[in-house]
Trainee: 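Before I ask anything, let me first share the structure, which is written out below as structure tokens.
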2 protein chains.
Amino acid sequence: MTALEPLKPTDSGALPRYREIYDALRQKIVSGAWPAGHKLPSEHELARTFGCARMTISKALGALAEQRLITRRRRAGTTVSAPRPQESVLEIHDIEAELVAAGSTYDYECLDRQVRPANADDASALGVTAGTPVLSLIGLHRADGRPHAFEERLINLRAVPEARRERFSRTSPGRWLLQRIPWTDAEHQICALNADAAIARRLEIPRHKACLSIERNTWLDEQRITHVRLIYPCDQHRLIARFRHQRA
Amino acid sequence: MTALEPLKPTDSGALPRYREIYDALRQKIVSGAWPAGHKLPSEHELARTFGCARMTISKALGALAEQRLITRRRRAGTTVSAPRPQESVLEIHDIEAELVAAGSTYDYECLDRQVRPANADDASALGVTAGTPVLSLIGLHRADGRPHAFEERLINLRAVPEARRERFSRTSPGRWLLQRIPWTDAEHQICALNADAAIARRLEIPRHKACLSIERNTWLDEQRITHVRLIYPCDQHRLIARFRHQRA
DNA sequence: TTCCCTGATATGTCTAGGCATATTATGATT
DNA sequence: AATCATAATATGCCTAGACATATCAGGGAA
């Protein structure tokens with residue numbers, strides 16, 4: 001827990017002042033010199049230490065608070081936050097874009113297409129009342145001609161009536177929706193499962209082979225747009241998530 | 001593309017001014033009134049429109065830029081960003097905290113512990129040069145007495161020398177590290193796999209049962225701290241990721 | 001034309017104050 | 001001792017300016 005030093009008068013001038021201060025304070029925290037719960041000097045005091053206006057300190061502290069590294073409370077002052085459960089940013093890409101970027105050819109084949117009033121399963125998966133018209137699609141994504149992912153999808157035709165006219169025989173519904181329909185929220189659930197007979201046949205893999213299942217629900221404000229479940233053989237897909245350091 | 005209205009003089013005073021401005025501008029963008037590429041009025045102009053100082057406008061724009069909803073460039077001005085590929089926030093919790101929160105009992109059992117110079121496998125997994133001293137730990141997490149997750153971990157003893165003295169016979173190394181060692185970056189890789197004989201025996205599941213594998217690498221700035229691989233039976237773990245609407 | 005110089009412009013950062021508000025500490029009253 | 005009013009304090013938000021800097025538009029020279 002060493003003392004703060006006033007920064008050199010930024011002769012090189014590469015970084016803005018508030019950024020230098022941000023970095024200096026951040027270093028104290030991530031290095032452990034200021035452990036969780038440690039009370040920082042007041043803004044006035046920091047302004048004196050660093051030789052700048054309080055507003056500049058406030059900006060640096062604001063950025064640290066944004067990153068959840070510190071907690072600021074009026075009168076109570078500023079303290080180092082406790083680490084909070086890990087939280088990563090997971091990018092989930094469009095299958096087609098991903099494959100094309102990797103230099104593979106891509107195509108989509110429709111295996112089944114039905115328009116029907118939502119049955120009980122549909123209703124619970126899509127979160128609509130039974131009887132709502134839905135479009136059910138089952139399809140296969142291929143990379144270089146070989147099966148890559150199996151897709152089961154439900155589209156809420158009340159939210160996306162124009163999907164009723166679409167055949168989806170070669171264009172993947174994911175891409176079609178992404179380009180046309182705005183949406184505000186999404187939720188993903190990721191789990192592992194053993195391929196059952198139907199999946200094994202479609203993906204041309206042995207029965208019981210491990211697969212990664214990604215389920216996605218999409219909303220436009222309060223309205224449900226679509227529910228999709230993608231199943232990848234274990235050796236063909238891998239999610240990568242990168243962390244941004246945050247604390248609560 | 002309707003005109004901006006000066007906000008009412010915040011009679012209720014619930015939200016700070018910059019937040020109201022942030023919300024007003026954000027509404028223009030997410031509603032589509034200002035499409036991607038649209039040029040926003042200059043800060044001076046916005047300050048006149050909203051009847052406040054330019055600094056206040058700048059703060060609102062700064063927050064929008066942070067959310068990647070707009071792009072700001074000197075002289076060129078501020079424009080609405082293009083939507084970017086889906087990005088979800090994935091929370092990966094501490095196993096113990098998760099189980100205790102769910103009302104289960106938790107314990108950890110150490111199955112193997114070795115201090116050794118990094119061999120080729122260690123070196124590539126942990127990203128250190130061969131010969132660097134590492135602590136290798138293999139352990140089992142139990143929930144209500146039943147196996148819940150299998151853990152293989154490597155700790156860089158050059159980064160965390162104090163781990164050498166720790167037995168880790170009952171305390172999980174994850175928790176120990178999380179509480180003691182600061183870190184700045186992490187990366188997760190998630191995939192599915194079939195249980196091999198060793199994993200099946202440890203987790204008391206049939207061979208070939210699908211499992212979810214989560215690998216995590218942790219850094220403190222440039223230095224590698226630890227590499228861990230957690231394997232969960234498919235019916236015992238599920239990751240959930242929620243989306244935050246962002247643009248680039 | 002092409003290239004470079006120059007001025008105009010919009011954002012980036014900063015200052016030195018101000019009032020507002022939440023919270024804690026203190027002191028007075030019951 | 002317990003409760004409540006009050007003052008002190010630290011952050012939160014704001015202003016009205018300032019200079020710095022990146023970039024664009026225009027004009028003049030090769």
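Chain identifiers are assigned alphabetically (A, B, ...) following the order of the sequence lines, protein sequences preceding nucleic acid strands; residue numbering begins at 1 within each chain.
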Trainee: With the side chain of A:Y18 defined as its heavy atoms from C-beta on, choose the nearest nucleotide among D:dT9, C:dC14, D:dG12.
Mentor: C:dC14
Trainee: The side chain of B:R75 lies closest to which of these nucleotides: D:dC13, C:dC14, C:dA8?
Mentor: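 Of the candidates, C:dA8 comes closest.
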Trainee: Whole Å only: how far is the CD atom of B:E45 from the C1' atom of C:dT11?
Mentor: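 To the nearest whole Å, that distance equals 14 Å.
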Trainee: Start at the 5' end of DNA chain C and walk down; is the nucleotide closest to B:A76 or to A:M55 reached first?
Mentor: B:A76
Trainee: Less than 4.0 angstrom from a charged side-chain N to a carboxylate O is my criterion; do B:E109 and B:R142 meet it?
Mentor: yes
Trainee: Rounded to whole angstrom units, what separation is found between the CD atom of A:E43 and the P atom of C:dG17?
Mentor: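 Atom-to-atom, A:E43 to C:dG17, this comes out as 17 Å.
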Trainee: Distance alone, cut at 3.5 Å: any donor-acceptor contact between the side chains of A:Y106 and A:H141?
Mentor: yes
Trainee: Find which nucleotide of DNA chain D each of B:R19 and B:R73 is nearest to by heavy atoms, and output the residue with the more 5' nucleotide.
Mentor: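 Closest to the 5' end, via its nearest nucleotide, is B:R19.
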Trainee: Taking atom types as modelled, find out whether A:T71 and A:S81 have a side-chain donor-acceptor pair closer than 3.5 angstrom.
Mentor: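 There is such a pair between these side chains.
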Trainee: Starting at OH of A:Y22 and ending at P of C:dT13, how long is that distance when rounded to a whole Å?
Mentor: 14 Å
Trainee: Given atom CZ of B:R17 and atom P of D:dT15, what is their separation to the nearest angstrom?
Mentor: 7 Å
Trainee: Regarding B:T78, tell me which of base, sugar-phosphate or nothing describes its non-hydrogen contacts under 4.0 Å with the strands shown.
Mentor: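 It contacts sugar-phosphate atoms only.
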Trainee: Sort me out a list of protein N/O and nucleotides 18-20 of chain C N/O pairs below 3.5 Å, or just none if empty.
Mentor:
from   : atom 1 : to    : atom 2 : distance (Å)
C:dG18 : O6     : A:R54 : NH2    : 3.2

Trainee: State which residue, out of B:L25, B:L40, B:L69, fulfils the side-chain contact (heavy atoms from CB on, under 4.5 Å) condition with B:V80.
Mentor: B:L40
Trainee: Between A:R72 (CZ) and C:dT21 (C1'), how many Å, whole number?
Mentor: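 Distance check: A:R72 CZ to C:dT21 C1' gives 14 Å.
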Trainee: Go through D:dG12, C:dT13, D:dT15 for me and flag the one nearest to the B:C52 side chain.
Mentor: D:dT15
Trainee: Quickly work out the B:K59 NZ to C:dT13 C1' distance and round it to whole Å.
Mentor: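 Rounded to whole Å, this separation is 15 Å.
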Trainee: To the nearest 0.5 Å, what is the distance between CG on B:L46 and CD1 on B:I57?
Mentor: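 One gets 5.0 Å once the value is rounded to the nearest 0.5 Å.
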Trainee: Would you call A:R72-A:E43 a salt bridge at under 4.0 Å N-O?
Mentor: yes
Trainee: Quiz question: by atom type and distance under 3.5 Å, do the side chains of A:T218 and A:R224 form a donor-acceptor pair?
Mentor: no
Trainee: Would you indicate which nucleotide in D:dT15, C:dA10, D:dT23 comes nearest to any side-chain atom of B:A53?
Mentor: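 Nucleotide nearest to B:A53's side chain: D:dT15.
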